[in-house]
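Take a look at the structure set out below.
Both counts, for ligands and for their atoms, begin at 1 and track the order of listing.
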Amino acid sequence: MHSKHSSQINETISWVGKWTFVLAAAGSAVGLGNIWGFPYKAGTEGGGAFVLIYLLCILAVGLPIMMAEIIIGRRARKSPVNAMKNAAIDSGKTSNWQVVGWSGLISGILILSFYSVIAGICLNYILISASPAADVSSVEQFGIVTSSSGRLLFWHSIFIALNILIISAGVVDGIERMVRLLMPMLFILMLVMVINAMINGDFARGLSFLFAPDFSQVDATTFLRAMGQAFFSLSLGMGSIMCYGSYMPQNENIFKTSLTVAGLDTLIAILAGLAIFPIIFAYGMEPGTGPGLVFVSLLSAFVDMPFGNIVGPAFFALLSIAALSSAISLLEPSVAYFEEEKIVSRFSAAMILGLFAWFIGIGSVLSFNDWSDISFIGNLNFLDSIDYLTNQFLMPLGGMMVAIFAGWFLKSNLALDELSSSHILIFKIWKFFIKFISPVLVAAVFVYQLVS
Ligand code: PFF
């Protein structure tokens, strides 16, 4: 059933199922960052001490900004550009605040362009890990994959095509239907991987790597790194959550749903660590992060492991699903804007914007081979430059602006209306954090990332 009910000005779209916002937002939040970012940082930055600091960052910065994005999105029931504009105008402020929405749309497409290339490699690894080539080490295997621009382009194209397909089918028939299918699959696969780690891995060592608190590793930069991770992991500052929030039914409780999304995101990040590191230790490898951890170290563990040709593909399927449900949340905000402004139909918007991201992604494909020596920003190659521009610059800037806007410029009664299903105390605590705590802490991360 399509629940399209018309408001005075515009036709609005709404999630149909009660849990859909939670599933969609958790789908956006749970991505490559949870699986190859969080566990390694936790392990090397003080174990349990880092996990504790990370939780504090989620509560003090992530949760208030997530709530602010949903408040702004849901009250306008519009794409991030127009949601920011409406909120500003209704608070008697300049409509220029819409640049925050624009920045989200642009960074969404830019992140999608390289996220898709990496997700394409994950798709290819489902096949590779099912029948690993004999006599080829996992380092050589990664070299074979990344040196072929044709192969990378092929899988990048498949991944973008999946995104276009889902987004063009619509909010309810595309996104809602997909997250209802993908998120339970992701959760089950993750539990299977943790059980596998208990059986085939050095679980005790994995546990102590992740959780044994070591406060001697903690310094000021630990806080900043934990905050950066929390921010990226919750998909904040990009319009994704604001856009998904604009489809949230009016009777859903913003505080409870945000808390659930943040909780699920953290749970999956911890489970990922419990799935990966026991295996890494049992097979005598060094803990690492990023592509090297999954495409090299884990692949070689799967090759040696009993039933590795089943566990391996299941793991890379898990990674691909996590990436897909994040990627659609990067494309949706700009497609929503095109559709709402009646620039083109949803289908054409998904095609045009998807192909645009595909085209920029070619630069990231070439970063692995032909362009690997060409620098764009500083001495960074194309992929790393786009990554830097979005993750270190646009994302924290966007989040900071949302926090400043919601804390200092948004009329209190507008926010209060949206939080009316919670106790007044929730509103007061939220207001305090979004005004005094969150913007300052995000600003600290922003400045730190710029200078380091
Ligand atoms: N949160 C995703 C991850 O942890 O991999 C990445 C991401 C998705 C960031 C969507 C930003 C975003 F808007």
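With hydrogens and angles left out, the side-chain atoms of Q392 and D387 include no donor and acceptor closer than 3.5 Å.
Pocket lining of ligand 1, defined as residues with a non-hydrogen atom under 4.0 Å away: S28, A29, G31, L32, G33, N34, Y115, F232, S233, S235, M238, S240, S326, S329, L330, M395.
In terms of the ring-ring contact (aromatic ring centres under 6.0 Å, His included) criterion, F211 has no residue partners (sequence neighbours excluded). Looking at residues two or more places apart in sequence or on another chain, you find a ring-ring contact (aromatic ring centres under 6.0 Å, His included) between F281 and F209.
Listed by first then second residue, pairs satisfying ring-ring contact (aromatic ring centres under 6.0 Å, His included) with a partner in residues 384-405 read W97-F405, F393-F446, not counting sequence neighbours.
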Working for side-chain contact (heavy atoms from CB on, under 4.5 Å), residues I65 and I434: CA-CA 7 Å; I65 296 184; I434 201 73; 4.1 Å; yes
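In summary, the aromatic rings of Y125 and W155 are positioned with their centroids too far apart to meet the 6.0 Å limit.
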